Undergrad: 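Pasting a structure below so you can have a look.
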Amino acid sequence: QVQLVESGGGLVQAGGSLRLSCAASGRTFSRYTMGWFRQAPGKERDFVAAISWSKSTLYYADSVKGRFTISRDNAKNTVYLQMNSLKPEDTAVYYCAADASLRVTTLLGRYDYWGQGTQVTVSS
């Protein structure tokens, strides 16, 4: 069992930056693929970024490539999402997720554990 707790959301102006953190419990965190998803009001939850347990494989949604960076610190059981050049369309609740398999996937349904989400609001 893994518990995930996101933090770092907030209100920021367009062009600004935020860094989200996701703290995980459990001794096997280092073996999990970790992902970030987001859900805007009235929309489906969408993939944002994912990172393999070894950090060697990174995936990004096209909409965030070049602006967002996913990283992880296995010693701290934490995954991060650095978000730069934020746009109003980035406004959403951001969720951290863990996939117990060794594959890296963008598919929401493949992730086994989810955090409660953190709100990110980008004003124009």
Side-chain angles (χ1 to χ4, degrees):
Q1 189 76 10
V2 174
Q3 291 186 327
L4 305 172
V5 179
E6 302 96 335
S7 61
L11 174 64
V12 63
Q13 289 187 332
S17 298
L18 283 174
R19 187 175 84 154
L20 305 183
S21 299
C22 173
S25 64
R27 293 175 294 176
T28 58
F29 170 81
S30 63
R31 304 297 293 179
Y32 283 59
T33 290
M34 299 300 297
W36 286 97
F37 291 76
R38 66 186 181 186
Q39 188 167 18
K43 296 189 177 181
E44 294 183 347
R45 192 171 299 188
D46 292 329
F47 170 77
V48 175
I51 184 169
S52 64
W53 67 273
S54 64
K55 310 177 193 179
S56 61
T57 302
L58 305 176
Y59 287 167
Y60 293 97
D62 288 343
S63 59
V64 306
K65 279 181 183 176
R67 301 189 298 121
F68 290 12
T69 302
I70 188 171
S71 61
R72 66 190 296 165
D73 185 335
N74 289 336
K76 295 182 178 180
N77 280 12
T78 302
V79 62
Y80 305 96
L81 185 68
Q82 178 66 44
M83 306 186 295
N84 298 329
S85 302
L86 283 161
K87 305 175 181 180
E89 51 264 43
D90 294 318
T91 294
V93 176
Y94 283 71
Y95 296 91
C96 170
D99 176 2
S101 74
L102 295 179
R103 62 182 180 265
V104 181
T105 179
T106 64
L107 299 177
L108 182 151
R110 297 287 181 90
Y111 285 81
D112 304 290
Y113 304 102
W114 292 85
Q116 83 289 347
T118 186
Q119 177 70 47
V120 171
T121 303
V122 184
S123 63
S124 57

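Hydrogens, waters and symmetry mates are skipped; everything else that's a heavy atom, side chains included, is used. Just so it is clear, the structure is predicted and the values come from calculations on it, not from any experiment.
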Undergrad: If you round to the nearest 0.5 Å, how far is OG1 of Thr121 from CD of Gln13?
TA: 13.0 Å
Undergrad: Taking NZ in Lys55 as the centre, count heavy atoms belonging to other residues, nucleotides or ligands within less than 6.0 Å. Is the count above 12?
TA: yes
Undergrad: Could you go through the side chain to side chain contact (heavy atoms under 4.5 Å, CB included) check for Met83 and Arg67 one step at a time?
TA: CA-CA 6 Å; Met83 306 186 295; Arg67 301 189 298 121; over 6 Å; no
Undergrad: So is Arg72 actually on top of Phe29's ring, under 6.0 Å and inside 45° of the axis?
TA: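 Arg72 over Phe29 ring: yes.
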Undergrad: Is it possible for you to say whether Val104 and Val2 belong to one hydrophobic cluster, with membership spreading through side-chain heavy-atom contacts below 4.5 Å?
TA: no
Undergrad: Check whether Trp114 forms a cation-pi arrangement with Arg45 (NZ or CZ under 6.0 Å from the six-membered ring centre, at most 45° off the ring normal).
TA: yes
Undergrad: Show me, pair by pair, the donor-acceptor contacts under 3.5 angstrom made by side chains of residues 92-102, not counting sequence neighbours?
TA:
unit_1	atom_1	unit_2	atom_2	d
Tyr94	OH	Arg38	NH1	2.9
Tyr94	OH	Asp90	O	2.6
Asp99	OD1	Ser101	N	2.9
Asp99	OD1	Ser101	OG	3.0
Asp99	OD2	Ser101	OG	3.2
Ser101	OG	Arg103	N	3.4
Ser101	OG	Arg103	NE	3.4
Ser101	OG	Arg103	NH1	3.0

Undergrad: Connecting only ILVMFWY residues whose side-chain heavy atoms lie within less than 4.5 Å of each other, what is the rest of Tyr80's hydrophobic cluster?
TA: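 Traced through the cluster, Tyr80 reaches no other member.
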Undergrad: Tyr111 vs Phe37 aromatic rings, parallel, tilted or perpendicular, using cut-offs 30° and 60°?
TA: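 The arrangement is perpendicular - the two ring planes meet at more than 60°.
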Undergrad: So how far is it from Asp46 CG to Leu108 CG, rounded to the nearest 0.5 Å?
TA: 8.5 Å
Undergrad: In Å and rounded to the nearest 0.5 Å, what is the OH to NZ distance from Tyr60 to Lys65?
TA: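 These two atoms lie 10.5 Å from each other.
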Undergrad: In Å, rounded to the nearest 0.5 Å, how long is the span from CG of Leu11 to CD of Gln119?
TA: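 Answer for the CG-CD pair, Leu11 versus Gln119, is 9.5 Å.
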Undergrad: Indicate, with yes or no, if Trp53 and Ile51 share a hydrophobic cluster defined by side-chain heavy-atom contacts under 4.5 Å among Ile, Leu, Val, Met, Phe, Trp and Tyr.
TA: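 Unlinked, Ile51 and Trp53 end up in two clusters.
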Undergrad: Taking atom types as modelled, is there a side-chain donor on Thr78 or Asp73 under 3.5 Å from an acceptor on the other?
TA: no
Undergrad: Can you confirm whether Gln3 is buried at CD, in the sense that more than 12 heavy atoms of other residues, nucleotides or ligands lie under 6.0 Å from that atom?
TA: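 12 or below, so no.
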Undergrad: With rounding to the nearest 0.5 Å, note down the distance linking OG in Ser71 to CG in Leu81.
TA: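 One gets 8.5 Å once the value is rounded to the nearest 0.5 Å.
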